[in-house]
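No experiment lies behind these values; they were computed from the predicted model shown. Side chains included, hydrogens not; waters and symmetry mates left out as well; all remaining heavy atoms used. As the structure lists them, so they are numbered: ligands from 1, and atoms in each ligand from 1.
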Amino acid sequence: MHHMTLAEIARGLADKKFSSVELTQTLLARIAQLDPQINSFISLTQDLALSQAKAADERRANGESGALLGAPIAHKDLFCTQGIRTSCGSKMLDNFKAPYDATVVAKLAAAGAVTLGKTNMDEFAMGSANESSWYGAVKNPWNLEHVPGGSSGGSAAAVAARLLPAATATDTGGSIRQPAAFTNLTGVKPTYGRVSRWGMIAYASSLDQGGPLARTAEDCAILLQGMAGFDPNDSTSIDEPVPDYSAGLNGSLQGLRIGVPKEYFSAGLDPRIAELIHNSIKELEKLGAVIKEISLPNMQHAIPAYYVIAPAEASSNLSRFDGVRFGYRCENPENLEDLYKRSRGEGFGSEVQRRIMVGAYALSAGYYDAYYLKAQKIRRLVKNDFMSAFNEVDIILGPTTPNPAWKLGAKSSDPVAAYLEDVYTITANLAGLPGLSMPAGFVDGLPVGVQLLAPYFQEGRLLNVAHQYQLNTDWHTRTPTGF
Ligand code: GLN
């Protein structure tokens, strides 16, 4: 049962081959048996899952249908879940039970999805290895000595290990696409404003976007359908109609113009990954796509700009965690200042503290113009590069990451080395564009992802291209040994 995709589960439930309760029990048992190896969950919600599954079975018995009705999923532990711990991977929020459901959580619950639990993540979504979680590192099911990517490493590892078919995640600079690449999954970072951020605990508000992680583009279409849409509670949510993503999967790729940026194939890219990306290009050419070399000249400035803007926003967003209103409070504070200092010093881990310091510095009166304002100008140049490119091509294709998943601990003492691995993903967040990563092969037994980017609100185009690619390749069907 655990090998089924969301689409297969929907058909099985509709054909009464099994019930949602049976499926939920099977997966909960599998999580209990296998998750200790990979540490992908922070909390399990067995009682909620079984009551949601029972309700979904009743709704089906009463004639209701729907691709998510009775489908088991999990939420990255930064989506607020009413009455359930929402930790953000941090000691700071270890005791925080959200008073309400995030819009994404409420929408998926209304569609009949069954929540198995909350998945592990880098603390406050800062990271690309899932090693900064207060609940311990997540392991990559493809090789337990390697990282699963981050910050949505728990969602990715759980889906890759077949503990469940799909999970929610968020992407501020690559945290859906990069773990998807590292664990052989398909993941979509939607257009900024496509998915509501209400109840999604903020890291960098102008970059954060929720989206699906699953094994196939077909499943990402199903989960994104349940997540996307206008939300009056989120002032950055956009009131654009949501297309039927599943219905759009079968479009022909004949004449599709694919842009391949020459800057992507620079010295930093593992040549074995470059070869796999070229193979995926050939595969898409066979399906009728036309390849064109393009240029994104400001890409080289994206990492420095992102690592000013994201920490700047984080330093502001995380100021609310002060020991007074939310989460952790130090023991016996001597006075108010001691309460702030020790609650934050003890509650936040070192990567979060580093980002708060960098961000506060970049926003300070003497340095604002030199760092923050400059970074915002670069952000516009990055966006302009994409706008010119999309005058000539329909999608942009390249590697998701320059290297495959590294060994646990390999970059822990050198944060900048980890930041550099985000080179291909962060530009989409700076520009607000949608992106997708899908499986494209293996290097030393570790999965490699190919990234597709599209113009605003063209998630459907990304899903269509990925689905056609997956109908003609079988990388996405490979399963890690032992799972
Ligand atoms: N690795 C990037 C960072 O640490 C992106 C994280 C994310 O997308 N949440 O900021």
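Residues passing the side-chain hydrogen bond (donor to acceptor under 3.5 Å, both in side chains) test with Asp101: none are found, sequence neighbours excluded. Applying the ring pair (Phe, Tyr, Trp, His ring centres under 6.0 Å) rule to Phe442 yields the partners Trp142; only residues at least two apart in sequence or on another chain are considered. Partners of Arg194 according to the salt bridge (charged side-chain N to carboxylate O under 4.0 Å, His left out) rule, which considers only residues two or more places apart in sequence or in another chain, do not exist here.
Closer than 4.0 angstrom to ligand 1 sit non-hydrogen atoms from Ala125, Met126, Gly127, Ser128, Ser151, Asp171, Thr172, Gly173, Gly174, Ser175, Tyr203, Tyr306, Tyr307, Arg355, Asp422.
Residues Phe321 and Phe96 keep their aromatic ring centres 6.0 Å or farther apart.
In this structure, Arg355 contributes its side chain and Ser315 its backbone to no donor-acceptor pair below 3.5 Å.
Atom-to-atom distance recorded for Thr86:OG1 and Met200:CE is 13.5 Å, nearest 0.5 angstrom.
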